Protein chains: 2
Amino acid sequence: MVKADTKTVLLDAAEWAARRHGHDGFSYADLSKHVGIRTASIHYHFPAKTDLITALMTRYKGAIAKKLAKLDQDLDSSGDRILGFLDLYRTALNGGDTLCLCVALSMGRDTLTEETLRQIADFRGQTLAWLQEVFALAAQDGSIRNVCDPSKEAAAALALAEGAQVSARSEQNMQRFDHATEMMRQRIRSGPSAAAL
Amino acid sequence: MVKADTKTVLLDAAEWAARRHGHDGFSYADLSKHVGIRTASIHYHFPAKTDLITALMTRYKGAIAKKLAKLDQDLDSSGDRILGFLDLYRTALNGGDTLCLCVALSMGRDTLTEETLRQIADFRGQTLAWLQEVFALAAQDGSIRNVCDPSKEAAAALALAEGAQVSARSEQNMQRFDHATEMMRQRIRSGPSAAAL
DNA sequence: GTCTATAACGGGATAGAC
DNA sequence: GTCTATCCCGTTATAGAC
């Protein structure tokens with residue numbers, strides 16, 4: 001816990017780079033500059049780039065799982081949890097510099113391993129499952145208006161958040177994200193409505 | 001019109017490749033194989049890769065503008081136009097193989113020129129303007145339920161369509177797209193509702 | 001664990017013959 | 001317009017010294 005071991009420092013640099021530039025947009029040479037050891041030394045820790053990516057996705061999935069669990073712990077209403085979810089994706093943008101790792105890797109060319117593709121699908125599955133539960137709760141606590149089928153709500157919410165990230169990053173403009181997600185927030189803010197969708 | 005000139009054949013191949021693999025995911029060597037002329041010959045038509053990308057985006061923007069105009073021409077209700085819009089993005093997926101060129105390039109690394117970035121923003125601006133008009137019409141013809149501010153509706157609809165494309169492509173599964181966009185379609189299909197958002 | 005050195009390859013791009 | 005040949009660079013990855 002006390003010393004920042006090299007592997008962790010490498011993963012930190014790699015996560016940043018991958019979320020900024022995508023899978024094919026960063027090299028061991030880039031990491032070498034940031035971390036201060038030679039590319040050959042990086043290969044000692046992660047023999048192939050795919051090993052790096054795999055470790056990255058595993059760590060990232062766990063980190064997001066924790067954040068989603070914390071939202072459940074800290075917030076009672078489904079509406080607040082969705083607001084927390086949107087804020088998670090907003091924060092991940094870092095002012096338009098970085099995407100969610102999952103989105104960033106999704107775009108990479110077919111350089112990706114089957115294993116990595118599976119991890120990406122797993123990650124989306126984890127998020128979709130969480131969203132689905134929140135929308136199921138929403139059907140009960142009424143803190144989100146016009147709730148439809150939770151599964152469809154979850155799929156739509158994730159697509160909205162990811163799409164909003166993509167356009168915000170491509171113009172490095174956070175307003176794009178805020179604008180695209182404003183309607184979703186309005187379904188929560190202004191209190192429950194009698195009308196079902 | 002009769003002979004397929006080399007430039008057009010190159011653009012066709014490049015568009016397919018770019019939408020499939022992103023900016024850094026295809027090379028002149030790839031085009032060379034598909035088109036049947038050497039890489040040096042491609043440089044004759046497009047001296048630098050950025051020239052190719054610029055020409056690609058220009059042509060693409062015009063093509064989509066035509067398709068959107070055709071939707072306006074063929075369809076009277078705002079609801080049908082949005083359904084047409086979603087189908088446009090669905091078709092662009094080609095079964096999970098290709099993205100909208102704009103989305104595919106958005107993910108590329110910072111290899112992109114300032115000019116290209118401007119073109120990408122322009123393209124989104126064109127689509128957003130069209131969507132905004134459709135939602136403004138919706139506020140009048142009532143063929144879409146719970147219509148909010150047209151500008152926010154447009155931003156949300158574009159993010160939804162792009163995000164749905166990304167997840168569908170990353171798993172090569174069209175159902176992801178259909179699932180994520182189902183709610184939007186339901187706002188149209190089942191007739192107008194008395195409830196405002 | 002980290003280094004130097006190097007292999008092996010693929011990328012964009014140019015020169016000059018035809 | 002298309003070709004062959006070539007350049008230069010960046011990338012992943014390995015061998016072997018320290």
Side-chain angles (χ1 to χ4, degrees), chain A residues 1-57 104-105 107-117, chain B residues 1-57 104-105 107-117:
Chain A
M1 273 318 193
V2 175
K3 68 172 179 184
D5 69 304
T6 309
K7 218 160 181 167
T8 302
V9 175
L10 280 170
L11 282 173
D12 290 342
E15 182 181 323
W16 182 260
R19 289 174 51 187
R20 223 177 133 94
H21 306 296
H23 176 274
D24 302 318
F26 80 98
S27 65
Y28 273 33
D30 297 327
L31 300 184
S32 168
K33 284 168 204 151
H34 280 42
V35 174
I37 63 176
R38 298 288 166 180
T39 64
S41 311
I42 304 178
H43 278 284
Y44 168 82
H45 296 283
F46 301 101
K49 195 175 179 180
T50 149
D51 298 317
L52 212 193
I53 300 291
T54 299
L56 217 52
M57 275 301 294
L105 291 182
M107 306 312 245
R109 77 161 138 185
D110 318 42
T111 322
L112 301 177
T113 316
E114 286 300 317
E115 165 76 359
T116 303
L117 289 173
Chain B
M1 273 319 192
V2 175
K3 68 171 177 184
D5 69 304
T6 310
K7 218 160 182 168
T8 301
V9 175
L10 280 170
L11 283 173
D12 290 342
E15 182 182 322
W16 182 261
R19 289 174 52 186
R20 224 178 132 93
H21 306 296
H23 177 274
D24 302 317
F26 80 97
S27 65
Y28 274 32
D30 297 327
L31 300 183
S32 167
K33 285 168 204 150
H34 281 41
V35 175
I37 63 175
R38 299 288 166 180
T39 65
S41 311
I42 302 176
H43 278 285
Y44 169 81
H45 296 283
F46 302 101
K49 196 175 179 179
T50 149
D51 299 317
L52 212 192
I53 300 292
T54 299
L56 218 50
M57 276 300 296
L105 290 182
M107 306 311 243
R109 78 160 137 186
D110 317 42
T111 321
L112 300 177
T113 316
E114 286 300 316
E115 165 76 0
T116 304
L117 289 172

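No experiment lies behind these values; they were computed from the predicted model shown. Chain naming here is simple, since letters A, B, ... match the order of the sequence lines and numbering starts at 1 in each.
D:dT4 atom P lies 13 Å from atom CD1 of B:I42, rounded to whole Å. Remark: C1' of D:dG10 and NE2 of A:H21 are 15 Å apart, rounded to the nearest angstrom. Taking atom CG on B:D30 and atom P on C:dC9, their separation rounds to 17 Å, with Å as the unit. Between B:H23 atom NE2 and C:dG11 atom P the separation is 13 Å, expressed in whole Å. Between the NZ atom of B:K7 and the C1' atom of D:dG1 there is a distance of 12 Å, given to the nearest Å. Nucleotide D:dT2 holds its P atom 14 Å from the CG atom of B:L31, rounded to whole Å. Between B:H45 atom NE2 and D:dG1 atom C1' there is a gap of 6 Å when expressed in whole angstrom units.
Within the 4.5 Å cutoff, no side-chain heavy atoms of A:R20 are placed close to those of A:F26. No side-chain heavy atom of A:T54 sits under 4.5 Å from any side-chain heavy atom of A:T113. Contact check for A:T50 versus A:E115: no side-chain heavy atoms found under the 4.5 Å cut-off. Looking at A:L52 and A:L11, their side chains come closer than 4.5 Å, going by heavy atoms from C-beta outward. With a 4.5 Å cut-off on side-chain heavy atoms, A:I42 and A:T6 do not count as touching.
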Heavy-atom contacts, protein to nucleotides 13-18 of chain D, under 4.0 Å, summarised as B (base), S (sugar-phosphate only) or - (none) per nt, yield BBB---
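When all heavy atoms of B:L112 and B:L105 are compared, the closest pair comes out as CD1-O, 3.2 Å. Between A:D24 and A:K49, the shortest heavy-atom contact is CA-NZ, 4.5 Å.
At least one side-chain nitrogen or oxygen of B:S41 sits closer than 4.0 Å to the OP1 or OP2 atom of D:dC3. Listed pair B:Y44 / D:dT2 fails the phosphate criterion, with no side-chain N or O lying under 4.0 Å from OP1 or OP2.
Taking only side-chain atoms of B:I37, from C-beta outward, the nucleotide of C:dG11, D:dT11, D:dT2 with the closest atom is D:dT2.
A distance of 11.0 Å separates CG of B:D12 from CG of B:L31, quoted to the nearest 0.5 Å.
The overall bend of the helix from C:dG1-D:dC18 to C:dC18-D:dG1, read as the angle between its terminal helix axes built from five base pairs each, is 0° when rounded to 10 degrees.
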